[in-house]
Amino acid sequence: MTPHRNYYAGAWHPSLDGGTFEDRNPADERDLIGAFPDSDAQDADAAIAAVAANWRPWAAASPEVRANALEKAANIMGARADAIAAELTREEGKTLAEAQAEARRIAANFRLYAGEALRARGETYASDAGQMVLSLRQPVGIIAVITPWNFPLSMAARKLAPALAAGNGVVFKPSEVTPLMGQRLVEVLLDAGIPPGVIALLHGRGPQIGKALVADSRIGGVTFTGSFPVGSAIQAAVGTDTRCQLEMGGKNATVVLEDADLDHAAAIIVRGAFGLTGQACTGTSRVLVPAGLHDRLVERIAAAAEAITVGPGTLPGVTMGPLASRAQRDKVLSYIELGRAEGGRLVTGGVRLDEGELAHGHFVRPTLFADLPESSRLLREEIFGPVVAMRRFEDLDDAIRIVNDTEYGLAASIVTRDLAAVLRFAREVEAGVIKVNAPTTGNALNAPFGGFRHSSNQAAKEQSGANVMDFYTRLKTVYLTA
Ligand code: NAD
């Protein structure tokens, strides 16, 4: 078992000033997972220097070498998935079933990008006789990978794997809420044979270490998933010649049309809203429904929400874990207070659970608000917790207008068999992911994923699928003259 340290230059290091921060179980704060290095600019400097000195042989390695290492990482991840999932539940709080689903998917993700290492290609261009013009695809250099806590394995793996497949070096800063998952991923990659000098792992709090990392001119690209305010700060901090990919928050809506089966609609909504304790970037946080169906749908969602068993994700029968941190719990409770203050009707939930064995965790009941005023902040701002706001609409035009009435544009879904309505919804909704008769959550590994507006910076939107490789590579045009 490796200690909880930073990793660079082929070795595990404490932070250079010796500082640490604590990682605790959100289901029971008394359970200390470990103390991790609280890194700062000098640690960033050492880690970047180490990768800068070592990444080039990896770029020059045969594509097969890179593909084989990622394939091996997939096999190791597959073998360790259940053990890592148990630690993921302890560290982030999601249920064991949710953690296993996330951990097991990482192997497929590594395999996908093992294939991309082999598929990288350039083109030749029509040219004069005596000359040949071609494009040469090369890695960018050193990629800074900055990730959130909600999917600490998959958000990181879908950046690390393509970055390494392309031959880049990486400096990886996992969320300070889930540092252990960052360490586990790095261990898998190192055990798979990724050369030690090519990877650096830096733990620490974002405003300190993240800031130092993104502003460093040796970093060729920054790939970030997290909140809009932090993404905006990163965009402002990176140099003009550093490429920057930002994948940020969402305010995702499910629209239920007149013809929908209400039981089916409620099931879709409850899965999208309360799965992962509402802490998915694509989580459903608004439900739009015609006035005639409103009360019946509210009743069904409330009944399903009340059937959810909240508790530590390790306990059998628990279907919703805690919020991932005290700060996250307090944020969710403050939005619940706001919903009340705005005059919304709290249909169910709205309370913290802190009795008995839940006393030391960050548990909140699944919450449903109805009859909020149109101006409500609960209908526009990302809450990132198990809180859903209902809203009535008049017709499809009105529904599409309301879906688009937020600064975000990540995911939206519609429940209907009306193909004409689906076609309009898919074309007119300002979101990067459109779902039909399915929850707003969940996405295919091999399809593009990315948001519009505040959900993504448009320069480098693709976060999954093969197009991602464009971010991690650059093209050089070569003129061969006889
Ligand atoms: P966050 O923005 O607070 O932190 C994300 C990462 O950025 C962390 O590693 C953090 O330490 C780091 N960071 C913080 N300040 C920084 C700075 N000044 N410079 C550089 N790095 C800094 O987000 P979070 O609370 O960890 O995650 C939740 C957010 O992530 C939500 O908004 C959610 O919607 C979003 N998210 C988006 C997607 C997506 O694919 N669109 C997926 C998952 C999560």
Side-chain angles (χ1 to χ4, degrees), residues 21 23 26 36 38-41 44 91-92 94 102 144-159 171-179 181-182 201-216 219 222-238 242 244-252 276-285 323-332 381-385 406-411 431-433 440-443 445 448-457 460-465 468:
F21 67 92
D23 178 20
F36 286 78
D38 195 9
S39 314
D40 63 17
E91 186 175 53
E92 197 271 348
K94 62 185 66 178
E102 180 176 351
V145 171
I146 302 179
T147 51
W149 45 260
N150 68 324
F151 286 107
L153 296 172
S154 61
M155 293 302 120
R158 73 183 184 187
K159 297 174 185 301
V171 182
F172 170 32
K173 197 214 88 61
S175 167
E176 55 270 49
V177 179
T178 50
M181 290 300 100
L201 170 69
L202 280 176
H203 293 293
R205 289 166 295 134
Q208 190 169 293
I209 181 63
K211 224 171 172 172
L213 195 55
V214 301
D216 193 293
I219 298 290
V222 174
T223 174
F224 164 85
T225 299
S227 63
F228 176 75
V230 172
S232 305
I234 289 175
Q235 182 92 70
V238 295
T242 303
C244 180
Q245 180 180 56
L246 307 172
E247 194 59 38
M248 301 174 282
K251 186 66 188 175
N252 315 296
L276 300 150
T277 320
Q279 300 172 121
C281 55
T282 50
T284 311
S285 64
L323 277 310
S325 66
R326 181 181 284 252
Q328 197 56 28
R329 178 197 74 198
D330 291 347
K331 182 180 170 202
V332 168
E381 296 176 14
E382 182 179 52
I383 301 170
F384 218 57
T406 165
E407 286 173 323
Y408 291 105
L410 193 53
V433 177
T440 52
T441 48
N443 67 293
L445 280 180
F449 176 81
F452 294 171
R453 303 163 156 186
H454 277 16
S455 297
S456 177
N457 68 334
K461 200 175 76 66
E462 307 304 347
Q463 297 283 323
S464 64
V468 167

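All of these numbers come straight from a predicted model, not from anything done at the bench. Whatever order the structure lists them in is the order used to number ligands and atoms, beginning at 1.
- Applying the ring pair (Phe, Tyr, Trp, His ring centres under 6.0 Å) rule to F151 yields no partners; only residues at least two apart in sequence or on another chain are considered.
- Counting all heavy atoms, side chain and backbone alike, F449 lies closest to C281 at CZ-SG, 4.3 Å.
- The pair E381-K251 does not meet the salt-bridge criterion, since no charged nitrogen lies less than 4.0 angstrom from a carboxylate oxygen.
- A donor atom on one side chain and an acceptor atom on the other are found under 3.5 Å apart for T440 and T284.
- Closer than 4.0 angstrom to ligand 1 by heavy atom are I146, T147, P148, W149, N150, M155, R158, K173, P174, S175, E176, G206, P207, G210, K211, F224, T225, G226, S227, V230, I234, E247, M248, G249, C281, E382, F384, L410, F449, sorted by chain and number.
- Residues satisfying the side-chain contact (heavy atoms from CB on, under 4.5 Å) criterion with M248, sequence neighbours excluded, are F224, F228, L246.
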Could you go through residues 203-215 and list every donor-acceptor pair under 3.5 Å that involves a side-chain atom there, pairing it with any protein atom two or more places apart or in another chain?
{"unit_1": "H203", "atom_1": "NE2", "unit_2": "R5", "atom_2": "O", "d": "3.4"}
{"unit_1": "R205", "atom_1": "NE", "unit_2": "D38", "atom_2": "OD1", "d": "3.1"}
{"unit_1": "R205", "atom_1": "NE", "unit_2": "D38", "atom_2": "OD2", "d": "3.1"}
{"unit_1": "R205", "atom_1": "NH2", "unit_2": "D38", "atom_2": "OD2", "d": "2.6"}
{"unit_1": "R205", "atom_1": "NH2", "unit_2": "Q208", "atom_2": "OE1", "d": "3.3"}
{"unit_1": "Q208", "atom_1": "NE2", "unit_2": "S39", "atom_2": "O", "d": "2.8"}

